[in-house]
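Proteins get letters first, then strands, A, B, ... in listed order; numbering begins at 1 in each.
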2 protein chains.
Amino acid sequence: MNTFTEENYLKAIYHLSLQSESVSTNQIAAALNTKAASVTDMLKKLADKELINYAKYQGVTLTPSGEKIAISIIRKHRLWEYFLVEKLNFKWDEVHDVAEELEHISSKELIDRLDNFMGNPRYDPHGDPIPDSNGLFKTHELKPVSALTTNEKGIISGVRDHSSAFLQYLERMQLTIGKTIKVAEINDYDHSVILLVEDKKIHISREVANNLLISI
Amino acid sequence: MNTFTEENYLKAIYHLSLQSESVSTNQIAAALNTKAASVTDMLKKLADKELINYAKYQGVTLTPSGEKIAISIIRKHRLWEYFLVEKLNFKWDEVHDVAEELEHISSKELIDRLDNFMGNPRYDPHGDPIPDSNGLFKTHELKPVSALTTNEKGIISGVRDHSSAFLQYLERMQLTIGKTIKVAEINDYDHSVILLVEDKKIHISREVANNLLISI
DNA sequence: TAAAATTTTTAGATTAGTCTAAAATTATTA
DNA sequence: TAATAATTTTAGACTAATCTAAAAATTTTA
């Protein structure tokens with residue numbers, strides 16, 4: 001088995017890989033709130049274990065076995081988040097830190113039973129897809145509200161920013177997962193957007209429109 | 001917060017304290033499968049944090065704050081065991097190792113919500129009492145089957161040996177928590193006992209009789 | 001109660017993960 | 001494309017937890 005720290009590195013590399021092909025030392029350091037020198041040390045260790053492809057100064061990618069571990073951590077994180085919200089009535093902005101701890105519990109039996117206990121949910125409380133017990137999941141194609149033009153519709157299905165502050169803001173605005181929205185107006189000057197949600201007008205900034213994801 | 005290791009030391013000292021007033025370095029080393037030298041190092045650290053009372057060569061006791069932490073770990077361990085058996089259908093002999101990991105999840109909010117979700121159970125699957133959110137619990141007075149004389153009755157309420165091997169044996173013999181037993185006969189020679197359970201005769205050794213606990 | 005046995009502590013190493021400061025490499029830009 | 005800037009790695013040190021081997025203290029026993 002791997003240590004918590006190794007698991008956190010693999011998870012961070014996985015998430016960063018979704019945006020840029022190869023991941024840099026500094027990107028990882030920023031994501032994990034640590035120093036580049038520490039990252040270099042750990043990259044050597046993960047490369048020795050053949051969990052990442054690493055060449056000095058060239059950035060890293062996950063090997064298939066590294067990716068498998070990363071996805072299993074993400075599966076655990078998202079299932080625990082679902083459990084916390086659906087069974088223990090936590091709010092969607094309160095679960096991240098606890099799930100960061102729970103995702104390192106090693107038992108596969110536990111997580112598979114938890115999955116079944118909850119009816120094999122496909123999405124976590126923030127709309128992110130939950131990998132199945134084989135690590136498979138489809139990344140549904142979501143686009144930000146900011147990609148819509150006037151009169152287009154969508155269903156709120158995810159967020160790009162997972163911070164409590166953003167989630168609490170959405171909650172207050174009643175912009176929660178599953179709601180149908182329609183773009184009523186786009187402000188040419190600042191690109192802010194007026195949405196129609198359940199016949200109410202909601203005005204959101206360009207930044208919010210960028211971080212709120214919809215399916216069609 | 002304390003490290004997993006510190007928590008494990010405090011828990012071990014707590015359990016050992018139930019049998020002998022003061023706990024020795026070697027006892028702790030045996031319980032934690034480590035060496036006496038390692039224990040001495042850790043005892044110094046825990047004493048610095050005022051979690052134990054420690055004087056060289058004299059053994060240790062928990063301070064009130066050390067005991068509080070130990071009990072909170074035990075609360076978490078037992079609640080998770082209850083969850084695993086009652087909600088996820090694990091068997092009572094399969095839950096210990098997973099609970100050893102789960103007991104270190106730090107969120108008090110999580111464990112209090114879990115407690116409520118399950119209806120505030122008072123005993124874990126092995127009959128051990130679960131401390132409430134203030135750390136309070138009564139150690140019900142149990143005695144081993146071996147303390148009974150012929151024709152005395154009792155209700156199976158706990159075990160002294162928590163090993164999988166023993167729990168699986170009890171399961172096979174249908175000697176599970178809640179069953180009423182009556183001593184039919186005690187063998188003078190080897191102190192083995194014949195029990196009457198639901199009108200069936202069950203023959204158990206002295207060792208088993210010593211490790212099976214009943215209330216009256 | 002002195003010698004022997006046991007227990008406990010100390011001394012000195014080791015491993016994992018981290019850090020700062022300096023050196024090496026790569027990227028940018030003038 | 002040479003100088004400058006930014007990134008990345010190396011070197012050396014630190015903390016937490018562990019270990020072995022040896023020394024010190026306590027307990028047992030003869």
Identity of whatever pairs with C:dA5 - Watson-Crick or G-U, under 3.5 angstrom: D:dT26

task: Would you kindly say whether B:His203 and B:Ser192 are connected by a side-chain donor-acceptor distance under 3.5 Å?
output: yes

- request: Answer with base, sugar-phosphate or nothing: what part of the nucleic acid does A:Thr25 contact at a heavy-atom distance below 4.0 Å?
  value: sugar-phosphate

- prompt: Considering only heavy atoms from C-beta outward, does the side chain of B:Leu46 approach that of B:Tyr54 to under 4.5 Å?
  reply: no

- prompt: According to a strict under-4.0 Å criterion, is B:Asn26 in side-chain N/O contact with OP1 or OP2 of C:dT8?
  reply: yes

message: Whole angstroms only, please: what is the NZ-C1' distance between B:Lys44 and D:dA16?
response: 14 Å

query: Rounded to whole angstrom units, what separation is found between the NZ atom of B:Lys35 and the P atom of C:dT15?
result: 16 Å

task: Give a yes/no on whether any side-chain N or O of A:Thr40 is located under 4.0 angstrom from OP1 or OP2 of D:dT9.
output: yes

- prompt: Near DNA chain D, which residues from residues 97-104 of chain B have a heavy atom under 4.0 Å away?
  reply: none

- request: For DNA chain D, find the residues of residues 3-22 of chain A with a heavy-atom distance under 4.0 Å and give them by number; none if there aren't any.
  value: none

query: What is the distance, rounded to the nearest whole Å, between atom OH of A:Tyr54 and atom C1' of D:dT7?
result: 12 Å

- prompt: Is there a donor-acceptor pair closer than 3.5 Å between any side-chain N or O of A:Arg75 and the backbone N or O of A:Pro131?
  reply: yes

message: Taking only side-chain N and O atoms of B:Ser24, does any of them lie within less than 4.0 angstrom of OP1 or OP2 on C:dT7?
response: no

- request: Consider only side-chain N and O atoms of B:Asp124 and B:His77, and report whether a donor and an acceptor are under 3.5 Å apart.
  value: no

Sub-3.5 Å pairs of nitrogen or oxygen atoms, protein against nucleotides 21-27 of chain D:
unit_1	atom_1	unit_2	atom_2	d
D:dA25	O4'	B:Tyr57	OH	3.3

query: If you measure from the Lys or Arg side-chain nitrogens to the Asp or Glu carboxylate oxygens, is any gap between B:Glu109 and B:Arg113 under 4.0 Å?
result: yes

